[in-house]
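Atoms within a ligand are numbered from 1 in the order they appear, just like the ligands themselves. Along the sequence shown, residues carry numbers from 1.
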Amino acid sequence: MSSTHVAASNFIRTIIDGDLASGRHSSIVTRFPPEPNGYLHVGHAKSICLNFGLARDYQGKCNLRFDDTNPEKESEEYALSIQEDVRWLGFEWNGEVHWASDYFDDLYNFAVELINKGLAYVDDLTPEEMREYRGTLKEAGRNSPYRDRTVTENLALFAHMKAGEFADGAKVLRAKIDMASSNINMRDPALYRIRRAHHIRTGDKWCIYPMYDYTHCISDALEGITHSICTLEFEDHRPLYDWVLDNLSIACHPRQYEFSRLELQYTITSKRKLLQLVTSKRVNGWDDPRMPTISGMRRRGYTPEGIREFAKRIGVSRSGNNVDMAVMEGAIREDLEAIAPRVVAVINPLKVTITNYEGALTREADFHPQHPEFGSRQVAFCPELVIEADDFAEVPPDGWKRLTLGGEIRLRHSYVMRCDEAIKDAAGNVVELRCSIDHATLGKNPEGRKVKGVIHFLSVEHALPAEIRLYDRLFTVAEPDADKDVDFFTYLNPESLTVVQGYVEAAVQDAAPETRYQFERLGYFCTDRRDHQAGGKLVFNRTVTLKDSWTKS
Ligand code: ATP
Ligand code: MG
């Protein structure tokens, strides 16, 4: 965690520094409050790094709390995946996992307290009527005809709501605040709704469920959260957060601070839309390596260290946070550069026959030029090789340094080789090169001439076949969901996944799933978590290319 450990300052750290200096708090407690209604995405990774990172840096605590107030959309699978993702990113929450549903009894009692104080009432308006009464940004709302029910009446009705005596949606409990407020969130927001839905934790105990805004502030307070950090769209909800806590007998009053959401170009950061990609089978599940989910990034080969470094680089502020994919890939590449052993793979093979060599030879080669401790392996050479098809050009463009007819290149870790003949199929495609080596050039420069180009190759006899999955951006435009009138599916990149059969060197044969390599000259690759079998079917995902391929277009 060396470089990722040094935290850059931001406005939230400034606030915390002030709170600690003034004695307002002696230590901090933050929380990460996902709803278990989907897998976490890169935006959540930013929030995780922020909340858990603050707790770590200030020797405070960070709770993991599930906001499980929408039973129809939530599942155990999602809750488990979220815990796995947080841990994989390198963080551990304080104590047990918390659930908003742990507080359903408290939340009910606090609602009764609000009713008793004349600050909440049961409303019978239909959802359509309620919308009509709410007014608009320009127009004040109107009071519901049920707003002046007595405390006794409200207490009885709320108890009957809880007891299941009314149909779903027939009534709601609302806060009594101000229908003329310029902030629509303060126009008597709903606190409880009737919904007969099975809940992953409380089963069928409840048929009324508390609303998010009401639940969130109380959960924060009950857990003694000091700094409740959320994204900017909740800024207008902050007065409600404070109103609820100001009007209840809870000693703790956390402060809410908002930062801007991460948007990553060429992808989407909305669980709802990611779910659509999954259910429509446009991708192969939540952890498809093209997905901006944490599990997708993991499967693609991104490292937790790289993602944390990304979070550090994008920073935390209140201004727009629309980030170029190159920033993410740069952080990942830098991490992989230092940790991934380097081996050879050929992903677009062209057969090469060496006409003046017999037998076989192996030479030792290091796994990493700067890390001798990674060890070395044997690199094989024999008369039948494969090279990358695009390392050969029959008609070379200007400045071409790789192989051409009559030209020479160095085979990496091996001899200098000249191409003598290109063999073509009936359609005129080059299908084989016949080449010869200079026997005097094994590990030595040739006499009397310079050979500039170096290409990689594999010995067919020693190489292993492998499935190699090449990923490109998932969408063809930077902001696929920017235009409300165009379905973001329209912008799916039909070429976001290309599967090729290539070759890898034998040194990777027993690699476990999730092992990372640099394939020299090709990029960073990771054995697939699901489909790769050590010693069996080899499957590699391209994590990222060696150079930035995003900023050019
Ligand atoms: P989505 O719209 O994708 O469902 P959400 O905000 O509804 O996101 P939650 O599960 O409620 O998802 O989010 C948990 C936490 O992650 C919240 O504190 C939220 O503010 C934060 N978060 C979600 N998306 C982003 C994002 N794009 N950038 C930064 N933080 C985010
Ligand atoms: Mg949410």
Side-chain angles (χ1 to χ4, degrees), residues 10 12 29-55 62-70 72-75 77-83 85-86 89 91 93 97-101 200 211-213 215-217 219-220 223 225 227-238 241 254-278 286 291-297 307-308 310-323 325 327-328 479-482 488:
N10 59 50
I12 294 174
V29 188
T30 58
R31 86 286 170 269
F32 173 63
E35 183 178 358
N37 63 348
Y39 281 59
L40 297 182
H41 54 63
V42 63
H44 297 108
K46 172 180 178 172
S47 178
I48 291 169
C49 291
L50 174 61
N51 282 294
F52 286 93
L54 288 171
C62 181
N63 290 351
L64 173 64
R65 182 201 318 135
F66 286 111
D67 153 34
D68 54 343
T69 53
N70 270 318
E72 293 103 326
K73 293 192 177 154
E74 295 159 7
S75 81
E77 177 199 341
Y78 294 146
L80 290 171
S81 77
I82 289 169
Q83 294 172 60
D85 287 348
V86 171
L89 271 180
F91 298 105
W93 46 89
V97 172
H98 296 263
W99 302 78
S101 56
I200 54 170
M211 301 301 287
Y212 175 82
D213 279 334
T215 307
H216 194 75
C217 52
S219 306
D220 279 351
E223 291 176 16
I225 303 299
H227 300 81
S228 177
I229 304 164
C230 60
T231 38
L232 269 176
E233 65 272 23
F234 289 99
E235 184 171 24
D236 290 346
H237 299 233
R238 180 166 13 108
Y241 186 106
R255 293 291 158 202
Q256 175 180 306
Y257 300 98
E258 309 89 18
F259 67 99
S260 51
R261 293 176 81 81
L262 166 68
E263 314 272 359
L264 192 58
Q265 293 187 349
Y266 291 96
T267 192
I268 46 181
T269 46
S270 150
K271 273 186 278 184
R272 187 175 57 78
K273 290 176 187 160
L274 294 172
L275 175 63
Q276 287 176 39
L277 290 176
V278 173
W286 284 98
M291 290 279 271
T293 50
I294 296 178
S295 52
M297 295 189 289
I307 296 172
R308 294 201 302 264
F310 166 74
K312 195 178 106 186
R313 288 183 188 178
I314 60 173
V316 176
S317 76
R318 291 173 56 86
S319 46
N321 197 202
N322 189 316
V323 176
M325 191 60 109
V327 180
M328 171 64 93
E479 293 176 56
D481 55 354
F488 66 96

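A salt bridge does not link K271 with E35: every distance from a Lys NZ or Arg NE/NH1/NH2 to an Asp or Glu carboxylate oxygen is 4.0 Å or more.
The distance between the ring centers of Y212 and F234 falls below 6.0 angstrom.
The neighbour count for K73 NZ, taken as heavy atoms of other residues, nucleotides or ligands under 6.0 Å away, does not exceed 12.
Within the 4.5 Å cutoff, no side-chain heavy atoms of M328 are placed close to those of V323. A 4.5 Å side-chain heavy-atom check between H216 and H237 finds every atom pair outside the cut-off.
In the vicinity of S270, heavy-atom distances shorter than 4.0 Å reach the ligand 1 atoms 3 (O). Counting atoms of ligand 1 from 1 in the listed order, those under 4.0 Å from a heavy atom of P34 are 10 (O), 14 (C). Counting atoms of ligand 1 from 1 in the listed order, those under 4.0 Å from a heavy atom of G43 are 25 (C), 26 (C), 27 (N), 28 (N), 29 (C), 30 (N), 31 (C). Contact atoms of ligand 1 toward P33: 14 (C), 18 (O) (distance under 4.0 Å to a heavy atom of the residue).
Residue-ligand proximity: H41 is placed with a non-hydrogen atom under 4.0 Å from ligand 1. Under a 4.0 Å heavy-atom criterion, F32 is in contact with ligand 1. A heavy-atom separation below 4.0 Å is found between E35 and ligand 1.
Backbone and side-chain nitrogen or oxygen atoms of E233 are examined, and none is located within less than 3.5 angstrom of a nitrogen or oxygen of ligand 1.
In this pair, F52 and F32 present their aromatic rings tilted. The plane angle is within the 30 to 60° band.
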